[in-house]
2 protein chains.
Amino acid sequence: MEMTQRKQKILAAVVESYIRTGEPVGSKNLLGELDFSVSSATIRNEMADLAEMGYLEQPHTSAGRVPTTLGYRYYIDKLMNKLEPTEEDRRAIAKTVSSGSGDPEQLLEKAGEVIARLTGCAAVSTMPLGEKATVRRAEIVPVGTRTAMIVLLTSAGTLKSKACRSDMPITPQTVERFYSVCAAHFVGKPLEDISTVMLQTLVASLGEHALEMSSFFVTLADLAADALSSDVLLEGQSNLFNHRELGGNIIELMEFLRKGEPISKLLSKGKDGIDIKIGTENEYKQLANSSVIISHYDVNGSRSGALGIIGPTRLNYAKLIPYMQFVSGLVGDILSESIDD
Amino acid sequence: MEMTQRKQKILAAVVESYIRTGEPVGSKNLLGELDFSVSSATIRNEMADLAEMGYLEQPHTSAGRVPTTLGYRYYIDKLMNKLEPTEEDRRAIAKTVSSGSGDPEQLLEKAGEVIARLTGCAAVSTMPLGEKATVRRAEIVPVGTRTAMIVLLTSAGTLKSKACRSDMPITPQTVERFYSVCAAHFVGKPLEDISTVMLQTLVASLGEHALEMSSFFVTLADLAADALSSDVLLEGQSNLFNHRELGGNIIELMEFLRKGEPISKLLSKGKDGIDIKIGTENEYKQLANSSVIISHYDVNGSRSGALGIIGPTRLNYAKLIPYMQFVSGLVGDILSESIDD
DNA sequence: TTTAGCACTCGGAACGACAGAGTGCTAAAA
DNA sequence: TTTTAGCACTCTGTCGTTCCGAGTGCTAAA
């Protein structure tokens with residue numbers, strides 16, 4: 001069966017009506033929304049065809065039609081007219097977002113907040129961090145005779161710290177040795193190089209001081225791994241409660257959101273530019289009833305992090321996609337500016 | 001109307017039965033749970049009295065009785081037999097909690113995790129921080145020509161950082177000046193002394209360097225305030241979904257939990273030792289259907305933070321109160337030990 | 001190819017009947 | 001005076017029925 005122009009128009013109208021109302025859409029309701037006049041019977045026939053082609057489905061006999069994943073996909077790829085944010089909106093967004101400039105974390109928090117409010121979805125974002133992030137600085141701060149804080153600052157501005165106990169008392173010499181080892185082996189090196197394996201050989205080479213130092217470096221490796229796994233920010237989680245179509249799965253969905261790691265993966269795996277996953281297109285089963293729009297941002301020309309929204313499949317794609325592009329562009333610009341000077 | 005011993009026994013039985021089953025309890029059900037034999041009619045009369053006295057209420061005519069806030073209160077204060085954790089439980093808890101020793105944040109995370117799992121409630125905790133916490137160290141790390149990270153480490157081991165932009169380029173002299181000012185005015189001083197007011201006079205005294213330095217110190221004050229407001233950890237939030245009696249308010253409750261600040265207040269205002277707030281005894285209306293058990297912990301003999309659980313009013317107080325006491329005692333011991341050596 | 005008409009299906013709301021749980025009251029028994 | 005048995009009453013939740021509305025698919029005519 002071929003996709004005629006009329007079928008396209010009908011599909012678009014169904015998708016848009018369903019996105020707007022959340023109700024399965026019947027043939028009669030469509031009459032007013034089309035720019036050509038046919039009877040409801042004709043529309044019925046076309047809709048039956050579209051259902052057969054896999055773009056629409058019925059929740060049950062004698063309910064209206066609802067778009068399938070395939071239907072949304074076709075709509076987004078071929079039919080949708082993007083709705084760029086108004087000048088007014090842009091200004092309002094830019095104002096809020098830039099109020100968080102200076103600190104990357106705050107910036108992304110603001111951006112997430114704005115997105116969540118604007119879209120009624122949950123907003124997620126990853127902190128700026130390329131794989132090429134390096135160790136900018138490592139510090140040791142004695143806290144007790146056998147306890148110290150290890151602090152790691154990365155080139156991306158991420159800061160991680162953790163307390164750590166040593167088997168032996170910490171002397172000024174210990175601290176000095178720590179710094180000299182860091183200066184020699186860590187500072188300026190990519191985070192991913194600080195693997196446990198690398199540390200083992202290092203500790204071995206420390207000879208008599210191995211016992212004294214090893215726990216510090218293990219902690220340092222922890223921190224590096226932590227920084228690499230790239231913090232995930234989450235805003236507007238509770239917006240999801242307003243979408244009844246998420247149904248019982250909402251609890252699992254919220255649990256899923258609370259774990260940072262899969263979200264981090266999700267965001268980093270999104271393809272460049274904008275990436276949209278509809279319902280079952282998601283590889284995580286917790287997202288099977290949700291759609292995700294991911295938009296990455298560049299810092300100084302290279303991909304650094306991403307923003308995303310998670311909501312029901314019934315998203316206003318035409319509006320939200322350009323919004324996400326705008327916000328992520330904005331975030332990238334502000335971050336680039338604040339780093340390269 | 002006076003509270004006879006028989007009424008007390010009946011009240012206790014009603015509370016315990018309701019806590020166990022979650023169902024309003026009727027006169028017949030109580031027959032088997034009392035250590036004396038009367039007919040259901042007698043119990044009915046007594047229950048009617050208890051209702052009149054304000055300890056019990058009926059969801060509707062011809063349902064069983066449910067304890068009121070007053071009823072729970074009476075039970076907890078006068079009737080309850082505490083159920084100390086078994087030796088086995090103690091060991092298991094101690095094992096999990098102490099696996100997080102070293103880093104206070106990790107420790108409290110573990111403790112929260114254990115509590116949440118054990119109680120089926122949401123667990124909250126505040127990081128160790130007395131009001132007497134002081135500045136242990138302040139750092140400035142240039143990130144760009146006009147951007148720097150300011151890092152604050154407190155005597156309690158809390159670490160806070162924030163990026164910050166200066167109006168003028170940052171030179172090595174700037175950094176040096178920053179350190180000398182910090183050494184002179186901040187290090188060793190209580191966090192609460194770094195008020196904005198104090199900063200203003202300080203900045204004024206900097207003379208020609210005021211412009212260059214002011215934003216750093218403002219940021220530092222931010223960080224101090226942040227550290228003072230004491231991080232709140234939250235675990236097992238999703239456990240609340242299992243309690244149907246929380247009903248529609250659960251959304252607002254979760255929103256409430258997400259904001260750290262009111263929780264921080266809640267925990268710090270709990271009276272010494274164990275503090276229990278039942279339903280409407282809470283001053284936050286979001287908690288009107290919930291109960292809160294707060295237990296503070298000491299570090300080296302002075303109150304430093306607190307652990308709490310939040311769940312439905314229908315908590316197993318007899319069991320959970322001793323548990324909370326045990327865990328908070330444990331946390332205090334471990335923290336004291338790791339700091340004072 | 002389109003349209004009008006019609007029979008059919010399904011879900012949801014409304015309704016009444018009914019069983020079950022529990023109460024309060026009364027009058028008799030202890 | 002206290003306790004108990006008995007009974008009428010109230011309220012909830014469930015089950016089955018009915019009915020309405022929305023929407024479809026099919027057929028036959030335009």
Does [N] pair with anything, Watson-Crick or G-U wobble, both distances under 3.5 Å, and if so, with which nucleotide?
N: D:dT2; value: C:dA29
N: D:dA30; value: C:dT1
N: C:dA19; value: D:dT12

Along DNA chain D (nearest heavy atom to each residue), the more 5'-positioned of A:N29 and A:N45
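The residue whose closest nucleotide sits nearer the 5' end is A:N29.
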More 5' along DNA chain D: B:V38 or B:T61, using each one's nearest nucleotide?
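Its nucleotide being nearer the 5' end, the pick is B:V38.
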Tell me whether the count of non-hydrogen atoms from other residues, nucleotides or ligands lying under 6.0 Å of CG in A:N81 goes above 12.
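Atom CG in A:N81 is not packed in, count stays at 12 or less.
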Is it true that atom NZ of B:K7 has more than 12 heavy atoms of other residues, nucleotides or ligands lying nearer than 6.0 Å?
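Enclosed: over 12 neighbouring heavy atoms sit under 6.0 Å from NZ of B:K7.
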For [X] and [N], give me the distance from atom [atom1] to atom [atom2], rounded to whole Å.
X: A:E57; N: D:dG23; atom1: CD; atom2: P; value: 17 Å
X: A:H60; N: D:dT24; atom1: NE2; atom2: C1'; value: 11 Å
X: A:R44; N: D:dA22; atom1: CZ; atom2: C1'; value: 11 Å
X: A:L50; N: D:dT24; atom1: CG; atom2: C1'; value: 15 Å
X: A:Q58; N: C:dC8; atom1: CD; atom2: P; value: 18 Å
X: B:I43; N: D:dT4; atom1: CD1; atom2: P; value: 9 Å
X: A:L56; N: D:dG25; atom1: CG; atom2: P; value: 11 Å
X: B:E23; N: C:dG20; atom1: CD; atom2: P; value: 17 Å

Against A:E283, only a single residue in A:K269, A:K277, A:K265 fulfils side chain to side chain donor-acceptor pair (under 3.5 Å); can you say which?
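With A:E283 as partner, A:K269, A:K277, A:K265 yield a single side chain to side chain donor-acceptor pair (under 3.5 Å), made by A:K269.
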If only side-chain N and O atoms of A:R6 are considered, is one of them under 4.0 Å from the OP1 or OP2 phosphate oxygen of C:dT1?
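For C:dT1, neither OP1 nor OP2 has a side-chain N or O of A:R6 closer than 4.0 Å.
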Measuring from the side chain of A:R65 (C-beta onward, heavy atoms only), which nucleotide among C:dT3, D:dT24, D:dT4 has the closest atom?
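Nucleotide nearest to A:R65's side chain: D:dT24.
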Looking at the side chain of A:S27, which of D:dG25, D:dT24, C:dT3 is the nearest nucleotide?
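Nearest to the side-chain atoms of A:S27, counting from C-beta on, is D:dT24.
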Donor/acceptor link under 3.5 angstrom from B:S62 side chain onto base of D:dT10
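Flag set: donor-acceptor pair detected.
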Looking only at heavy atoms, which two atoms of A:I263 and A:K259 are closest? And how far apart?
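Closest approach of A:I263 to A:K259: CG1-O, 3.5 Å.
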Mind listing the closest non-hydrogen atom pair of A:M324 and A:I309 along with its distance?
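Scanning both residues completely, I find the closest heavy atoms to be SD-CG2, 3.7 Å.
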Base, sugar-phosphate alone, or nothing: which one does B:S40 contact when heavy atoms must sit under 4.0 Å apart?
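No contact.
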